[in-house]
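The structure appears below as structure tokens.
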Amino acid sequence: MDPRSTAFLFEEQKHQLTETFYREKIRMKPIILTGDRPTGPLHLGHYVGTLSNRVRLQEDYQQFLIIADTQALTDHYDQPEKVRENITQVALDYLAIGLDPHKSTFFIQSRVPELFELTVHFLNLVTVSRLMRNPTVKEEVRQKSMEDSLPAGFLTYPISQAADILAFKTDLVPVGEDQNPMIEQTNEIARRFNFIYKSSCLKEVKPLIGNVGRLIGIDGQTKMSKSAGNAIFLGDSYEQIKSKVQKMYTDPSHLRVADPGTVEGNVVFSFLDAFDPEKNQVEELKDHYRRGGLGDGVLKQRLTALLEEFIAPMRKRRQEYEKDPGEVLRICFQGSERARECVQSTLREVREAMALI
Ligand code: ATP
Ligand code: MG
């Protein structure tokens, strides 16, 4: 089209109108901020805990998804390459599950340095003893045997996470159950900041916990986690799913098929509860298992088929996006620019409230 023609100008004007309309529309939407540490690809626990809510809400909310590389470094400071590589893995998972970068802003924490200035200001508002009482941090320290080598950065990551959340004037944070203490800490900081600096610029947030707030790992020991080696990943192959289901912890005293078995603490049943849409059938299977006469093998076959059906479409989409990792990273860089504008605007208000020069 000739750039001087009326038709061109008209098209251009229409484009601008659409753009303005779009911006107005998204400005009016409530805001979601949530995200993941790039310490590995995403797993089924992420899906039921938070990802399914993100996909469901991306139309009605302006959604910011943080790939928290700086936070990941607090316990992976000696493995920066691992963290860097996993940024693309996490973004690939976002795309594979149907998060749309036109609706949800994917961004990389370390590319928004204003977040770290907010963190520094918030560090003054939280006592060390309050940080030491955080139950999720305590559990992670124990799990990772960091008692005698706890980095200050790890102890204070809930404060940096509060900065991530508050920087966007967030309304809702879709997360798994382990994040509840972080949301509490975030709201404490918001209240304390507003009180001390006589401001209203920080806004308290609400958590939104998924259908299953804490999916157990295949070992039956702790929650499924990237770092614990007990995860089924959203990109796993059929063979990987099958072999992980085979390894799932069941009832160690259920030796023969005829023996009565225990459902509580049995990982296969936890997964059937989470992923099997036939709730009545699952209840019947539980009764049968308790009575005796139902073998683990039958249940594991059922679960393998179910998980394969669930993961196959994601795996396929992931393989498509994997062909162009450069484009995936470009999406994250572009998103980081957009995210940065929002954070800069909140930081200006924070600095003003604190009367900083
Ligand atoms: P890491 O082991 O590195 O901490 P992770 O598997 O715990 O990784 P995170 O990036 O810390 O994953 O968590 C991202 C989001 O996923 C958080 O909202 C968290 O609550 C949720 N989540 C993680 N694991 C589970 C799980 N097993 N069940 C439900 N939600 C989960
Ligand atoms: Mg975690």
Donor-acceptor pair, [X] side chain versus [Y] backbone, under 3.5 Å?
X: Asp251; Y: Thr262; value: yes
X: Lys244; Y: Glu239; value: no
X: Gln240; Y: Ser237; value: yes
X: Asn194; Y: Leu202; value: yes
X: His254; Y: Asp259; value: yes
X: His121; Y: Leu118; value: no

Using a distance-only test with no angle check, is there a side-chain donor-acceptor pair under 3.5 angstrom linking [X] and [Y]?
X: Gln89; Y: Glu85; answer: no
X: Gln63; Y: Gln58; answer: no
X: Asp36; Y: Tyr94; answer: yes

Working to the nearest 0.5 Å, report the span between [atom1] of [X] and [atom2] of [Y].
X: Ser345; Y: Lys169; atom1: OG; atom2: NZ; result: 6.5 Å
X: Glu264; Y: Ser270; atom1: CD; atom2: OG; result: 9.5 Å
X: Asn180; Y: Asn134; atom1: CG; atom2: CG; result: 11.0 Å
X: Glu308; Y: Asp236; atom1: CD; atom2: CG; result: 10.0 Å
X: Lys300; Y: Leu307; atom1: NZ; atom2: CG; result: 12.5 Å
X: Met248; Y: Ile232; atom1: CE; atom2: CD1; result: 4.0 Å

Start with the C-alpha distance between Glu322 and Arg315, add both sets of side-chain angles, then the distance that settles salt bridge (Lys or Arg N to Asp or Glu O under 4.0 Å), and finish with yes or no.
CA-CA 10 Å; Glu322 262 169 2; Arg315 185 196 302 136; over 6 Å; no

Salt bridge (Lys or Arg N to Asp or Glu O under 4.0 Å) for Arg191 and Glu188? Distances and angles first, verdict last.
CA-CA 5 Å; Arg191 282 195 294 272; Glu188 277 173 37; 5.2 Å; no

Report the residue from Asp276, Val263, Leu303 that forms a side-chain contact (heavy atoms from CB on, under 4.5 Å) with Phe269.
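Checked Asp276, Val263, Leu303 against Phe269; only one passes side-chain contact (heavy atoms from CB on, under 4.5 Å): Val263.
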
Pair Thr170, Phe64 - check side chain to side chain contact (heavy atoms under 4.5 Å, CB included), show working.
CA-CA 9 Å; Thr170 304; Phe64 291 94; over 6 Å; no

Would you call the rings of Tyr157 and Phe154 parallel, tilted or perpendicular, taking 30° and 60° as the class edges?
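Answer is perpendicular, since the angle exceeds 60°.
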
Starting from [Y], can I reach [X] by hopping between I/L/V/M/F/W/Y residues whose side chains sit under 4.5 Å apart?
X: Val137; Y: Val126; value: yes
X: Val298; Y: Tyr289; value: yes
X: Val112; Y: Phe333; value: no

Set out, in order, the CA-CA distance, both residues' side-chain angles and the distance that settles side chain to side chain contact (heavy atoms under 4.5 Å, CB included) for Thr70 and Ser160, then state yes or no.
CA-CA 9 Å; Thr70 309; Ser160 128; over 6 Å; no

With side chain to side chain contact (heavy atoms under 4.5 Å, CB included) as the criterion, how do Leu65 and Val90 come out once you've worked through the C-alpha distance, each side chain's angles and the decisive distance to 0.1 Å?
CA-CA 11 Å; Leu65 301 175; Val90 170; over 6 Å; no

Go through Glu341 and Arg338 one step at a time and tell me if the salt bridge (Lys or Arg N to Asp or Glu O under 4.0 Å) criterion holds.
CA-CA 5 Å; Glu341 281 175 32; Arg338 228 176 302 153; over 6 Å; no

Do Phe107 and Phe168 have their ring centres less than 6.0 Å from each other?
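Yes, ring centres under 6.0 Å apart.
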
